[in-house]
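Chain letters run A, B, ... following the sequence lines, proteins first, then strands; residues in each count from 1. Below, each value reflects all heavy atoms present in this structure, side chains not excepted, and no hydrogens, waters or symmetry copies.
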Number of protein chains: 4
Amino acid sequence: MSDTVAIRPPAAAIDEQSPRERLLMAAASLFRSKGYDRTTVRDIANEVGILSGSIFHHFRNKDEILRAVMADCVDTLLINMDKALASAQTPEQRLRAMIRCELESILGEQGNALTVLVFEWRALSEESKTSLLASRSQYEQLWHHELQLAEDAGLVKESIDPLILRRFLGGALYWTTHWYQSDGDYNIDQLTEQAMALVMK
Amino acid sequence: MSDTVAIRPPAAAIDEQSPRERLLMAAASLFRSKGYDRTTVRDIANEVGILSGSIFHHFRNKDEILRAVMADCVDTLLINMDKALASAQTPEQRLRAMIRCELESILGEQGNALTVLVFEWRALSEESKTSLLASRSQYEQLWHHELQLAEDAGLVKESIDPLILRRFLGGALYWTTHWYQSDGDYNIDQLTEQAMALVMK
Amino acid sequence: MSDTVAIRPPAAAIDEQSPRERLLMAAASLFRSKGYDRTTVRDIANEVGILSGSIFHHFRNKDEILRAVMADCVDTLLINMDKALASAQTPEQRLRAMIRCELESILGEQGNALTVLVFEWRALSEESKTSLLASRSQYEQLWHHELQLAEDAGLVKESIDPLILRRFLGGALYWTTHWYQSDGDYNIDQLTEQAMALVMK
Amino acid sequence: MSDTVAIRPPAAAIDEQSPRERLLMAAASLFRSKGYDRTTVRDIANEVGILSGSIFHHFRNKDEILRAVMADCVDTLLINMDKALASAQTPEQRLRAMIRCELESILGEQGNALTVLVFEWRALSEESKTSLLASRSQYEQLWHHELQLAEDAGLVKESIDPLILRRFLGGALYWTTHWYQSDGDYNIDQLTEQAMALVMK
DNA sequence: TATGAATGAGCCTTCATTCAT
DNA sequence: GATGAATGAAGGCTCATTCAT
């Protein structure tokens with residue numbers, strides 16, 4: 001429920017990026033902190049040091065910027081999830097890996113984009129929603145699949161429907177973006193353990 | 001992550017309300033479904049059958065409408081919470097009462113306003129934020145207090161920090177607004193039990 | 001060129017007046033200090049303690065208020081001028097009487113209305129202009145007539161066309177409304193003498 | 001007291017100017033003839049053949065247009081005054097030069113802007129007033145200084161306080177904007193002589 | 001590719017005026 | 001005569017988008 005400060009990427013990396021990437025990072029940061037509607041194309045252009053008209057050489061319109069932010073985000077999310085699961089064996093390890101991966105995405109460098117993906121979905125045009133739906137449901141299905149395995153392994157409470165559990169857990173984790181402070185009492189590992197404690201038997 | 005349809009109040013009640021109340025209900029519904037920024041003052045006026053200029057007889061500006069939606073919502077929330085707790089004795093009953101009360105607020109008639117309160121906080125002017133802060137933190141402190149009692153009673157897992165637990169739980173419950181369907185497999189009582197299973201030992 | 005504070009009537013007299021008169025005084029004061037366009041009907045109503053809708057029981061529209069302020073002002077001006085001239089014999093006495101009368105009108109209780117008459121003429125509707133033109137030119141002709149007599153009497157420099165002289169003098173006197181301070185170095189009598197010195201040989 | 005038609009610049013020159021200059025000329029003309037408050041941003045845009053939104057490419061808001069009109073005007077005024085005084089030797093020549101310069105400013109191409117500067121001061125925002133005050137008082141001090149010299153030289157009546165004299169004269173000259181007709185009986189030189197006759201012994 | 005002036009639709013807000021009570 | 005809710009036409013300003021340079 002609190003205002004949050006958008007995450008800035010490490011300054012060192014900015015100069016090495018393509019204009020498109022710099023625009024997307026600036027957009028993600030602004031969309032997250034001000035919201036899509038309140039962020040003007042000019043804001044984004046300013047942030048990367050070009051004029052507003054020039055943005056339309058990179059994106060057809062503002063909606064496409066939002067879509068690109070989200071699309072890149074889901075793609076990265078899937079890749080990271082794959083990586084995280086690759087080295088996890090037991091059901092518990094796999095569940096922990098997924099939670100940590102999602103938390104790292106929300107609270108780390110990807111945080112702006114993922115927060116935007118989660119909380120600005122409504123701002124997307126219908127077409128863009130359609131075009132993103134496949135990847136997003138792929139990601140959710142990954143969760144459902146793994147949570148089902150966890151339940152089968154007797155890891156989580158069987159009194160909770162795995163579908164509901166995923167939604168509860170998703171809400172809980174997404175919500176961290178609104179209150180988590182990296183200089184607070186918990187680092188991401190510790191927060192992961194708290195979330196594990198929540199879902200595990 | 002999915003689009004949701006804003007909750008409409010029972011049509012029967014609409015005609016009996018004051019203009020101000022009808023405006024607030026229309027505003028809550030629109031703010032929830034389209035977002036504050038995308039909702040125009042004309043939209044709201046149309047919804048209640050007046051012209052846009054007339055709105056400013058009831059509210060000084062658009063921000064004040066948002067603030068009123070939220071303020072009424074927090075007030076009702078506190079009242080409902082009090083009522084819910086009045087008839088609850090044991091720690092478990094009290095915890096269940098609070099969860100059910102919050103879920104009913106999110107998914108029932110108050111749902112539009114509460115969803116707006118939670119997810120459009122950023123759209124508020126700074127002054128309005130300040131003016132609402134007291135009630136909002138009063139509500140949160142109620143939660144912290146009761147969760148602490150629940151932990152003392154050995155009801156919830158002591159491995160989770162009650163402050164973190166409230167935030168996880170809040171996120172999980174708020175998030176229901178984005179996926180819950182009243183004609184689905186779970187009614188509010190059943191969902192309450194699922195949430196209870198989540199937080200209890 | 002400077003901002004001026006509108007003159008307030010003696011508070012004692014306010015209660016004895018008819019609503020219409022109170023409205024006109026409030027209007028004159030506001031029109032003078034804020035300008036006609038920036039003064040809202042609500043402002044005027046507030047000033048006399050009624051609601052804006054009630055004003056239209058006294059005046060058909062805002063333009064009619066302005067016209068009434070001006071019409072009353074010209075009428076009073078003509079009456080005062082007559083009075084002032086009644087007791088003046090010699091050309092010099094008559095000229096002094098007129099200058100003092102005009103200055104008293106500008107800087108005294110009538111000041112708001114007269115300032116409005118002079119500097120808000122443009123804000124009048126065309127019809128209102130027409131309806132006021134007769135009295136106004138009567139007033140100006142009075143000046144031209146007397147200045148002609150003064151020139152015939154060798155009182156003012158014959159190198160100045162009396163028509164031009166009236167306009168110079170009018171401008172000079174009207175302008176006092178923008179700089180004169182009643183608590184400054186000159187009272188109205190002294191200012192009259194300064195103006196006399198200006199126009200006399 | 002009469003309506004006046006705003007001065008239009010020679011049509012030949014219009015096309016050669018920058019958009020900003022054309023906007024300022026149009027604004028000066030409209031502000032003078034209709035008043036600042038009655039002039040809409042759309043009016044100004046129409047006059048120069050652009051759309052209303054485009055104005056805000058050149059000026060942040062309407063107030064800034066007014067300020068720019070006035071600021072340019074004072075600057076030009078000071079420059080012209082300097083030029084006029086540069087070739088004037090005797091006190092009488094200097095006084096005549098200043099009067100002619102002010103009259104030319106009021107009744108010539110600068111007339112719209114100067115009339116606006118004098119009669120629309122009240123419409124300025126407080127910040128704009130502050131930002132213009134320095135130049136304006138510099139201009140007035142120039143007058144006070146020269147009038148003092150004129151009095152020391154025995155040129156003007158010593159019975160009039162030079163400060164009052166400047167105000168009388170300023171009012172008289174500013175006022176010409178409301179009655180002077182360039183095709184009437186007096187050209188600017190002749191009017192200058194009439195004004196000289198007014199102030200000189 | 002970048003620029004930056006221009007577009008034009010649309011937004012929030014104001015305000016004189018009306019009218020049923 | 002007063003009220004006050006409603007009207008509806010503007011008004012100032014914003015902003016995504018276009019396009020000639």
Side-chain angles (χ1 to χ4, degrees), chain A residues 18-20 23 36-46 48-66 125, chain B residues 18-20 22-23 36-45 48-66 125, chain C residues 18-20 23 36-46 48-66 125, chain D residues 18-20 22-23 36-45 48-66 125:
Chain A
S18 73
R20 185 193 147 90
L23 282 169
Y36 175 79
D37 289 307
R38 279 180 136 83
T39 301
T40 72
V41 161
R42 221 178 222 92
D43 289 335
I44 304 173
N46 274 345
V48 302
I50 61 175
L51 290 187
S52 69
S54 310
I55 279 200
F56 297 90
H57 288 286
H58 302 277
F59 301 95
R60 253 197 315 254
N61 50 43
K62 195 184 169 189
D63 175 64
E64 210 178 64
I65 304 177
L66 180 58
S125 73
Chain B
S18 73
R20 185 178 195 277
R22 295 171 58 200
L23 283 169
Y36 175 80
D37 288 309
R38 278 181 135 83
T39 301
T40 72
V41 157
R42 269 179 185 79
D43 290 336
I44 305 174
V48 302
I50 61 175
L51 290 191
S52 69
S54 310
I55 282 200
F56 297 92
H57 244 279
H58 303 279
F59 301 95
R60 257 197 308 259
N61 50 44
K62 197 184 169 189
D63 173 65
E64 209 178 65
I65 304 178
L66 180 58
S125 72
Chain C
S18 72
R20 185 193 149 91
L23 282 169
Y36 174 80
D37 289 308
R38 279 180 137 85
T39 301
T40 72
V41 161
R42 223 179 220 88
D43 289 337
I44 305 174
N46 273 346
V48 302
I50 61 175
L51 291 188
S52 69
S54 310
I55 279 199
F56 296 91
H57 288 287
H58 302 278
F59 300 95
R60 255 197 314 252
N61 50 44
K62 195 183 169 189
D63 174 66
E64 209 178 66
I65 304 178
L66 180 58
S125 72
Chain D
S18 73
R20 186 178 194 277
R22 293 171 59 200
L23 282 169
Y36 175 80
D37 289 307
R38 280 183 133 83
T39 301
T40 73
V41 156
R42 278 175 181 81
D43 289 336
I44 304 175
V48 302
I50 62 176
L51 290 191
S52 69
S54 309
I55 281 199
F56 298 92
H57 244 278
H58 303 279
F59 300 95
R60 256 198 308 260
N61 50 44
K62 197 183 168 190
D63 175 64
E64 209 178 66
I65 304 178
L66 180 57
S125 72

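- Of the nucleotides present, dA9(F) is the one that pairs with dT14(E) by Watson-Crick or G-U wobble criteria, both distances under 3.5 Å.
- Base pairing of dA20(F): its partner is dT3(E), meeting the Watson-Crick or G-U wobble criterion (both donor-acceptor distances under 3.5 Å).
- For the pair Val48(B) and Ile55(B), the minimum side-chain heavy-atom distance is 4.5 Å or more.
- If you measure from atom CZ of Phe56(D) to atom C1' of dC11(E), you get 13 Å, rounded to the nearest angstrom.
- In this structure, the CG atom of Leu66(A) is 13 Å from the P atom of dA16(F), given to the nearest Å.
- Atoms CD1 (Ile44(B)) and P (dC12(E)) sit 8 Å apart, rounded to a whole Å.
- The nucleotide whose nearest atom lies closest to any side-chain atom of Lys62(B) is, among dT13(E), dG1(F), dT17(E), dT13(E).
- Each of Gly53(C) and Asp63(D) was matched to the nucleotide of DNA chain F holding its nearest heavy atom; the match closer to the 5' end belongs to Gly53(C).
- No side-chain heavy atom of Asp37(B) sits under 4.5 Å from any side-chain heavy atom of Tyr36(A).
- More than 12 heavy atoms of other residues, nucleotides or ligands shown are found within 6.0 angstrom of CZ on Arg38(B).
- The phosphate of dA6(F) has neither OP1 nor OP2 within less than 4.0 Å of any side-chain N or O from His57(B).
- Distance CG (Leu23(C)) to P (dG1(F)): 11 Å, rounded to an integer number of Å.
- Distance from the side chain of Thr40(A) is smallest to dA16(F) among dG12(F), dA16(F), dT18(E).
- In this structure, the CZ atom of Phe59(D) is 15 Å from the C1' atom of dA6(E), given to the nearest Å.
- When the nearest nucleotides of DNA chain E are assigned to Asn61(C) and Arg60(B) by heavy-atom distance, the more 5′-ward of the two goes with Arg60(B).
- Side-chain nitrogen and oxygen atoms of Ser54(A) include none within less than 4.0 Å of the OP1 or OP2 phosphate oxygen of dT1(E).
- The side chain of His58(B) lies closest to dA6(F) when the candidates are dG12(F), dA6(F), dT17(F).
- Distance Arg38(A) CZ to dA16(F) P: 13 Å, rounded to the nearest Å.
- Across dC13(F), dA16(F), dT3(E), the shortest atom-to-atom separation from the side chain of Arg42(D) is found for dC13(F).
- Side chain of Ser52(A), nearest nucleotide from dT3(F), dT17(F), dA16(E): dT17(F).
- As a whole-Å value, the separation of Ile65(C) CD1 from dT17(E) C1' is 11 Å.
- Side-chain contact between Thr39(C) and Ile44(C): present, with at least one pair of heavy atoms (C-beta onward) separated by less than 4.5 Å.
- Between the P atom of dC11(E) and the CG atom of Asp43(B) lies a distance of 7 Å, rounded to the nearest Å.
- In this structure, Ile50(A) reaches the sugar-phosphate backbone alone: every heavy-atom distance under 4.0 Å involves primed, P, OP1 or OP2 atoms, never a base.
- Two residues are said to be in side-chain contact when any heavy atoms from C-beta on lie closer than 4.5 Å; Leu23(A) and Ile50(A) meet this criterion.
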